[in-house]
Amino acid sequence: VSVNLNVESIFTEWFKKFDNFLDIAQKSMVVVEFHISDIFSDFSLFLKARDFLQTRGYRVLLDGLDHHSMLQVDRESLGLDLAKIIWSNDLEAAIEIDNEKFLLSVERFGANRLILSRCDTKYAINYGKALGIALFQGWFIDKALIPSYSLA
């Protein structure tokens with residue numbers, strides 16, 4: 001289970017109730033996603049939230065990476081369990097220009113800890129696999145897993 005939250009919400013009564021409702025085994029199956037802009041808008045609060053979550057068994061994910069921020073962010077030094085990079089045609093073009101740096105960045109993040117999101121085509125999945133990425137998210141995956149899935 002993945003939940004998109006802002007950093008401040010971790011310290012609310014709502015989250016306290018949510019946290020009390022789950023046992024440790026259930027918490028280990030929850031990934032809390034924070035957007036990159038939220039993390040860096042109040043970095044010290046993020047560090048407190050990260051520590052709070054991880055000591056309770058949750059996993060923490062950095063969401064919203066693009067081809068520029070991917071090269072700048074160090075997952076390990078931020079203490080993140082996972083990170084998500086957004087697939088786009090711009091990403092493909094940037095990788096073609098700076099392929100070696102990007103491949104090193106994927107390796108540094110850990111290919112099994114990096115999710116390529118917004119994968120709407122098989123091409124995006126294949127491209128991600130060629131980069132060494134093993135985790136994917138997007139409409140293409142949803143449709144493959146749930147063939148009768150529709151927006152209607």
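One-based numbering along the sequence shown. Everything numeric in this text was worked out from a predicted model, so none of it was measured.
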Worksheet item: Sub-3.5 Å donor-acceptor pair from the side chain of Glu8 to the main-chain atoms of Leu45, do we have one?
Response: no
Worksheet item: Would you find a donor on one side and an acceptor on the other, under 3.5 Å apart, between the side chain of Ser117 and the backbone of Lys84?
Response: no
Looking only at heavy atoms, which two atoms of [X] and [Y] are closest? And how far apart?
X: Leu5; Y: Phe34; answer: O-CD2, 3.2 Å
X: Val60; Y: Phe46; answer: CG1-CE1, 4.3 Å
X: Leu71; Y: Ser105; answer: CD2-CB, 3.8 Å
X: Phe136; Y: Ala124; answer: CE2-O, 4.5 Å
X: Ala83; Y: Phe109; answer: CB-CE2, 3.3 Å

Kindly list each side-chain donor-acceptor pair under 3.5 angstrom involving residues 20-30, sequence neighbours excluded, with atom names and distances?
from, atom 1, to, atom 2, distance (Å)
Asn20, ND2, Lys16, O, 3.2
Asp23, OD1, Ala25, N, 3.0
Asp23, OD1, Gln26, N, 2.8
Gln26, OE1, Asp23, N, 2.9
Lys27, NZ, Asp19, O, 3.2
Lys27, NZ, Asp19, OD1, 2.9
Ser28, OG, Ala25, O, 2.6

Nearest-0.5 Å distance that lies between atom [atom1] in [X] and atom [atom2] in [Y]:
X: Gln137; Y: Ile85; atom1: CD; atom2: CD1; result: 13.0 Å
X: Leu114; Y: Leu131; atom1: CG; atom2: CG; result: 9.0 Å
X: Leu78; Y: Ile36; atom1: CG; atom2: CD1; result: 8.5 Å

Pair listing, salt bridge (charged side-chain N to carboxylate O under 4.0 Å, His left out) test, anchored in [range], at least two apart:
range: residues 59-68; answer: none
range: residues 68-80; answer: none
range: residues 105-126; answer: none

Practice prompt. State, yes or no, whether a side-chain contact exists between Val32 and Ile10 at a heavy-atom distance under 4.5 Å.
Written response: yes
Worksheet entry | Pair Tyr127 + Trp87: ring centers closer than 6.0 Å | yes
Applying a strict under-4.5 Å side-chain criterion to I, L, V, M, F, W and Y, I'd like to know whether [X] and [Y] cluster together.
X: Val7; Y: Leu47; value: yes
X: Leu104; Y: Leu62; value: no
X: Ile86; Y: Ile133; value: no
X: Tyr58; Y: Phe11; value: yes

Worksheet item: Any side chain to side chain donor-acceptor pair (under 3.5 Å) pairs touching residues 38-53, not counting sequence neighbours?
Response: Asp42-Ser44
Worksheet item: Can you say whether the rings of Phe40 and Phe43 are parallel (under 30°), tilted (30 to 60°) or perpendicular (over 60°)?
Response: parallel
Fill in: Evaluation steps, side-chain contact (heavy atoms from CB on, under 4.5 Å), between Thr121 and Asn126
CA-CA 9 Å; Thr121 65; Asn126 289 337; over 6 Å; no
Worksheet item: When clusters are formed from ILVMFWY side-chain contacts under 4.5 Å, directly or step by step, what else is grouped with Val31?
Response: Leu61, Leu82, Ile115, Leu135
